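Count residues from 1 along the sequence. Predicted model, so just to flag it, every value in this text is computed and none were measured.
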Amino acid sequence: MRLLALVLSTAALAGCNLASNLAVKSTSKILAAAQPSLQQEADYDMARMAIPGALKTVEGFWITGFGDAASAARLEKVLTEGYCQYGTAFVEDDWEEAKFRQDPPAVAYHNARSSHIFTRCLNFALIGLGKRWQKEIFEGPEIVAKLLKDTGKGKRFQLLFAANALGSLINHNLDRIEMISHIGTVQAMVERVIEMDKSGLPANLTHAALPHVALGMIHSGKGKSMGGDPELAKKHFEEALRITGDKFLLARTLMAY
């Protein structure tokens with residue numbers, strides 16, 4: 001009887017796992033296909049309230065470990081882009097508002113939140129880039145250069161958002177000299193993405209424009225005396241607008257800054 005019970009319970013568990021695997025496989029496809037609905041949301045407050053719950057739902061499916069490698073990769077891409085976009089659109093917005101109000105406690109709070117959100121984005125991007133990136137991203141310029149050379153266009157998405165996340169982390173930790181030392185890594189990553197795009201832009205025009213926005217921010221983030229190049233920055237912002245048919249308002253806003 002004990003042996004029969006063990007066999008039955010094992011069979012039930014196997015059936016449950018199979019059902020869970022099938023559910024995650026199908027759900028991962030739906031979640032990836034549905035992601036643009038949040039990006040197209042015109043109600044700012046609705047998007048602000050909806051995105052955290054949506055991200056945690058996706059993360060819940062991912063963390064179960066059910067599904068196959070393809071399902072996990074789909075969910076990781078949704079989480080990578082989702083956390084970076086949420087950080088840029090909402091958490092950093094709160095941080096900037098606190099700075100305008102000259103409210104130091106609020107500035108510190110939202111700065112810490114931004115660091116946490118962009119760390120999540122970076123971690124998911126690094127999962128997609130692989131173990132070598134996870135070990136070597138914070139190494140010296142020579143090692144990073146070799147790493148970038150060995151990274152093919154199939155990893156463009158992950159490389160773009162890893163650069164986005166790392167650049168944002170630097171911006172929120174300017175009092176840490178070890179973080180500032182990685183600005184060159186961010187620039188090299190973005191330039192590698194643009195090099196990849198010479199063989200053809202991605203279908204998502206926002207993704208195609210983002211590396212130019214990033215270089216625009218890098219080259220305009222410091223004055224000429226400190227190595228900045230405002231004219232080159234302007235060219236990159238204008239290229240981002242050209243790629244998107246002058247519809248990428250973030251590029252225009254950052255160029256105005």
Discussion item. Is there a side-chain contact between Thr80 and Phe157 in this structure, where contact means two heavy atoms from C-beta onward sitting under 4.5 Å apart?
Written reply: yes

Item to complete: Evaluate the side chain to side chain contact (heavy atoms under 4.5 Å, CB included) criterion for residues Glu76 and Gln158: first the C-alpha distance (whole Å), next the side-chain angles of each, then the deciding distance (0.1 Å), finally the verdict.
Response: CA-CA 10 Å; Glu76 285 155 13; Gln158 292 84 356; over 6 Å; no

Practice prompt. Following the transitive rule for hydrophobic clusters with a side-chain heavy-atom cut-off under 4.5 Å over Ile, Leu, Val, Met, Phe, Trp and Tyr, establish whether Leu159 and Leu79 coincide in one cluster.
Written response: no

Worksheet item: Does the side chain of Cys121 reach to within under 4.5 Å of the side chain of Asn164, using non-hydrogen atoms?
Response: no

Worksheet item: Do the non-hydrogen side-chain atoms of Met217 and Asn171 ever get within less than 4.5 Å of each other?
Response: no

Discussion item. Measuring only between side-chain heavy atoms, which start at C-beta, is Lys131 closer than 4.5 Å to Gln134?
Written reply: yes

Item to complete: Give a yes or no on whether the backbone of Ala203 and the side-chain of His207 come within a donor-acceptor separation of less than 3.5 Å.
Response: no

Discussion item. Ring-plane angle category for Trp62 and Phe124, please: parallel below 30°, perpendicular beyond 60°, tilted otherwise.
Written reply: perpendicular

Worksheet item: Taking everything shown except Gln102 itself, do over 12 heavy atoms lie less than 6.0 Å from its CD?
Response: no

Worksheet item: Do you know the tightest heavy-atom contact between Ile180 and Leu174?
Response: CD1-O, 3.1 Å

Response to the item:
Hits for side-chain hydrogen bond (donor to acceptor under 3.5 Å, both in side chains) against Asn123, two or more places apart or cross-chain, chain-then-number order -> none

Item to complete: Indicate whether the side chain of Glu92 and that of His172 have a donor and an acceptor atom separated by less than 3.5 Å.
Response: yes

Discussion item. Assess whether a salt bridge exists between Glu96 and Lys99, defined as any Lys/Arg side-chain N lying under 4.0 Å from an Asp/Glu carboxylate O.
Written reply: no

Discussion item. If you compare all heavy atoms of Phe118 against all heavy atoms of Cys84, which two are closest, and at what distance to 0.1 Å?
Written reply: CE2-O, 3.6 Å

Discussion item. Between Arg242 and Glu239, does any side-chain N to carboxylate O distance fall below 4.0 Å?
Written reply: yes

Worksheet item: Is a salt bridge present between Arg192 and Glu195, judged by a nitrogen-to-oxygen distance below 4.0 Å?
Response: yes

Fill in: Least distance between heavy atoms, Gly82 atom then Leu55 atom
CA-CD2, 3.7 Å

Item to complete: Looking only at non-hydrogen atoms, find the nearest pair between Phe161 and Ala125 and report the distance.
Response: C-CB, 4.4 Å

Item to complete: May I ask you to decide if Phe61's main-chain N or O and Thr64's side chain share a donor-acceptor pair within less than 3.5 Å?
Response: yes

Fill in: Same cluster (ILVMFWY, side-chain, under 4.5 Å), Val78 and Leu210
no

Worksheet item: What do the steps show when you test Glu139 against Leu147 for side chain to side chain contact (heavy atoms under 4.5 Å, CB included), and what is the final call?
Response: CA-CA 10 Å; Glu139 297 293 340; Leu147 190 58; over 6 Å; no

Worksheet item: With a 6.0 Å cut-off on ring centres, are Phe237 and His219 close enough?
Response: no

Item to complete: To the nearest 0.5 Å, tell me how far Gln187 CD sits from Thr185 OG1.
Response: 10.5 Å

Worksheet item: Looking at residues at least two apart in the chain, or sitting in another chain, which of them share a ring-ring contact (aromatic ring centres under 6.0 Å, His included) with Tyr83?
Response: none

Worksheet item: For the atom pair OG (Ser114) and OH (Tyr109), what is the distance rounded to the nearest 0.5 Å?
Response: 10.5 Å

Worksheet item: Taking atom CZ of Phe248 and atom CG of Asp246, what is their separation to the nearest 0.5 Å?
Response: 12.0 Å

Worksheet item: Between Lys153 and Gly200, is there a donor-acceptor pair closer than 3.5 Å when you use the side chain of the first and the backbone of the second?
Response: yes

Worksheet item: Side-chain contact, heavy-atom cut-off 4.5 Å: Val91 with His116?
Response: no

Worksheet item: Between Ala214 and Val190, what is the shortest heavy-atom contact and its length?
Response: CB-CG2, 3.9 Å

Fill in: Sub-4.5 Å side-chain heavy-atom contact between Glu97 and Arg101
yes

Discussion item. Just verifying a value: how many Å separate His182 NE2 and Ile170 CD1, rounded to the nearest 0.5 Å?
Written reply: 7.0 Å

Worksheet item: Does a side-chain heavy-atom distance below 4.5 Å link Ile194 with His236?
Response: yes

Response to the item:
All heavy atoms of Asn204 vs all of Thr206, minimum pair found to be OD1-N, 3.0 Å

Discussion item. Strictly distance-based, threshold 3.5 Å: is any side-chain N or O of Asn111 a donor or acceptor partner for the main-chain N or O of Val107?
Written reply: no

Worksheet item: Is Met196 linked to Trp133 within one hydrophobic cluster, defined over Ile, Leu, Val, Met, Phe, Trp and Tyr using a side-chain heavy-atom separation of less than 4.5 Å?
Response: yes

Discussion item. Working note: Gln85 + Ile51, criterion side chain to side chain contact (heavy atoms under 4.5 Å, CB included); need CA distance, chi angles, decisive distance, verdict.
Written reply: CA-CA 10 Å; Gln85 288 187 339; Ile51 290 176; over 6 Å; no

Discussion item. Are Leu250 and Phe90 linked, directly or through intermediate hydrophobic residues, by side-chain heavy-atom contacts shorter than 4.5 Å (ILVMFWY only)?
Written reply: no

Worksheet entry | Between OG on residue Ser115 and CG on residue Leu122, distance to nearest 0.5 Å | 11.5 Å

Practice prompt. Please round to the nearest 0.5 Å and tell me the distance separating atom CG of Asp229 and atom NZ of Lys235.
Written response: 8.0 Å

Discussion item. Taking Leu215 as the starting point, is it possible to reach Ile183 by hopping between hydrophobic residues whose side chains are less than 4.5 Å apart?
Written reply: yes

